[in-house]
Enquirer: 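Here's a structure for you.
Each ligand, and each atom within it, is numbered from 1 in the order the structure gives.
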Amino acid sequence: MSDLTETEVWLALKRHYAEVRRQHMRDMFDSDRQRFDRFSLRLNDILYDYSKNHITAETLGLLLKLAEEAQLPRWIERLFSGDAINHTEHRAVLHTALRARAEDKIVLDGVDVVSQIRNERQRVNRLAEAIRTRDWRGVTNQPITDVVNIGIGGSHLGPLMVTEALRPYTLHDLDVHFVSNVDENHINDALEFLNPETTFFIISSKTFTTQDTMVNAETARQWFIHQVGSDEQIQRHFAAVTSNATLAREFGIAEENIFSIWDWVGGRYSLWSAIGLAIVIAIGSRQFDLLLEGARDVDVHFRESPLERNIPVIMAMLGVWYNNFFNAQSMAILPYDQHLHCFPTYLQQADMESNGKCVDRSGQAVDYSTGPVLFGEIGIAAQHAFFQLLHQGTKLVPADILAPIYTVRCIQRHHRALMSNVFAQTEALMRGKTAAEARREMGEKGLDPAEIERLLPYRVFPGNRPTSTLLFKTLDPKTLGSLIVLYEHKIFVQGVIWNINSFDQWGVELGKQLASTIRQELNDAQEVTSHDCSTNGLINYYKRHRPVNKPPT
Ligand code: F6P
């Protein structure tokens, strides 16, 4: 048994779970007309309703006690003040500094981090605005019409998600494309209709060694050079965002087009840094400032609010409740705003790369469940795909629903239909449908009694399925910034409770190592024997059946 699962408060939560698990949320609502008021919070333009969760006041009290005992307030201070809390990489974790005000003072190893960030942001803004205003010209003196961001993971998902989410704020005559997959189809599809003379590439890679990104970057360079010109000319058409300026220079990128990120920014928390260059080009520096402002508002809220009124803390502790006491294995993210279609995938990396860990901070294997399997989809689409399982399946899948009060044009016919689904689904998941209700409903439709009894088991909905709803005014940059950071801090809090390091990602290394060996083995037609028989079999089958049985050129 670990320290965590032996604590008084953990044991109290276990006992409490045994007492309340059979209670139905329907009864909780029926017996408490104030439940919505008691279990909802507001922050700027965001309403967070967590009343449709399987909790009582006592549950919350115990969960917050658990947070107190994990010394959450101290950890929050350690995060913001730049302590090296990423202890396996000896690094501070300072993505919050990327949102700091000019007057804030954050010093790390004697360096004034805030002015470092500000300087880099000014450089990013200058390039982005020059491209947006058509002042930046390519080698044939034409303005840029297309920007291609080449990156993967944190160097891709954040910029992609934000650019998609803020589509109404983008320019019509400047397209931003994203390429991440090393499968040539991705870059070929992106480049197919582009003109190299009006295309600008951003090579986004913190390390500048990630294989997928570097292979794509080389293809982009060759595509450009074959059609337009020489190695020197790529300087008007390529930029890099990286902490490895040496490799970017070797690639041929001009010094003034190399933008820095620092080792204290984790890839999955980096969209606020120069990694956001594609976003700034897409929406402009003023809107990007608003994105940062929304992010900062949540930083302040998180740092200063008492735990019981702290939205990321409540979000996190509800997750712990389901994960560790209800044994829920997963969690669904269901945006009802089409522009948030990349949000679930973005959060997958943020959450699962952060909290998918089985060893605690002292190197011991944990004996409790950590990060959930996070998945999601646009809510409306999901209703017609996997909601069946949410309503009547055997698994408990707590879900977050995100929805806007108004959209860009807000055509009532569309928006009312959309929102009716938001409210209906959360109600249906919570209340379900009893046998009596199902019987009455079928009776009213004129079904004969025998048929009613035959169908009854299928027509009953157990309900008692938890959802939390984030209702926001509209998806503007500021609100988006806030929404993202609510989840960033939720993930951090859960890491604190589970006593894991949410900021390393050693688990992605093994596959990379093996791939680099196997890549060499694919260079010739020789039979491979160095792996297990399945891996050998697959490699050898591939070698025998690939179209060209000679080393790649
Ligand atoms: O493979 C995982 C990872 O290291 C992520 O953590 C990171 O966001 C991504 O790869 C890309 O890394 P880089 O920006 O160094 O290319």
Enquirer: Pull out every atom of ligand 1 sitting under 4.0 Å from any heavy atom of Thr210, numbered as shown with elements.
Expert: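 Counting atoms of ligand 1 from 1, those under 4.0 Å from Thr210 are 12 (O), 13 (P), 15 (O), 16 (O).
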Enquirer: Nearest protein heavy-atom contact for atom 4 (O) of ligand 1: which residue, which atom, what distance?
Expert: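 That would be Lys512 NZ, 3.5 Å.
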Enquirer: Under 4.0 Å between a Lys/Arg side-chain N and an Asp/Glu carboxylate O for Lys206 and Asp263?
Expert: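 Salt bridge: no.
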Enquirer: Of the protein's non-hydrogen atoms, which lies at the shortest distance from atom 9 (C) of ligand 1, and what is that distance?
Expert: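 Here the nearest protein heavy atom works out to Ile152 O, 3.7 Å.
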Enquirer: Would you check if the distance from the ring center of Tyr487 to the ring center of Phe343 is below 6.0 Å?
Expert: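 Ring centroids of Tyr487 and Phe343 are less than 6.0 Å from each other.
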Enquirer: Using the ring of each side chain (for Trp, its six-membered ring), is Phe302 parallel, tilted or perpendicular to Phe80, with breaks at 30° and 60°?
Expert: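 Rings of Phe302 and Phe80: tilted, 30 to 60°.
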Enquirer: I need the atoms of ligand 1 closer than 4.0 Å to a non-hydrogen atom of Gly154, numbered in the order shown.
Expert: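 Those of ligand 1 that fall under 4.0 Å from Gly154 are 7 (C), 8 (O).
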Enquirer: At less than 4.0 angstrom from any non-hydrogen atom of Gln349, what atoms of ligand 1 do you find?
Expert: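 With Gln349 as reference, the close atoms of ligand 1 come out as 5 (C), 6 (O), 8 (O).
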Enquirer: Below 4.0 angstrom, N of the basic side chain to O of the carboxylate: do Arg134 and Asp173 qualify?
Expert: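 Salt bridge: yes.
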Enquirer: Run the ring-centre check on Phe224 versus His237 and record whether the distance is less than 6.0 Å.
Expert: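 That pair passes the under 6.0 Å test.
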Enquirer: Who's the nearest protein heavy-atom neighbour of atom 6 (O) of ligand 1, and how far?
Expert: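 Atom 6 (O) of ligand 1 sits closest to the protein heavy atom Glu353 OE1, 2.7 Å.
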Enquirer: For Phe375 together with Phe386, are the ring centres under 6.0 Å from each other?
Expert: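 Ring-ring flag for Phe386/Phe375: true, centres closer than 6.0 Å.
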Enquirer: Under 3.5 Å between some N or O of ligand 1 and some N or O of Ser204?
Expert: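 No, Ser204 has no N/O under 3.5 Å of an N/O on ligand 1.
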Enquirer: Below a 4.0 angstrom heavy-atom separation, can you tell me which part of Thr207, side chain or backbone, both or neither, approaches ligand 1?
Expert: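 The part of Thr207 near ligand 1 is both the backbone and the side chain.
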Enquirer: Under 4.5 Å between any side-chain heavy atoms of Ser468 and Met315, yes or no?
Expert: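 In short, these two side chains do not touch, never coming nearer than 4.5 Å.
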Enquirer: As an exercise, identify every atom of ligand 1 less than 4.0 angstrom from a heavy atom of Ser155.
Expert: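 Numbered from 1, ligand 1 contributes 13 (P), 14 (O).
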Enquirer: Could you tell me whether Glu521 and Lys543 make a salt bridge, using a distance below 4.0 angstrom between a side-chain N and a carboxylate O?
Expert: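 Judged by the 4.0 Å cut-off on N to carboxylate O distance, Glu521 and Lys543 do not form a salt bridge.
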Enquirer: Is there a nitrogen or oxygen of Arg268 sitting under 3.5 Å from a nitrogen or oxygen of ligand 1?
Expert: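 Looking only at distances, the answer is no, because the N/O contact criterion of under 3.5 Å is not met.
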Enquirer: Closer than 4.0 Å to some heavy atom of Val508 - which atoms of ligand 1 meet that?
Expert: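 Listed by number with element, the hits are 1 (O), 2 (C).
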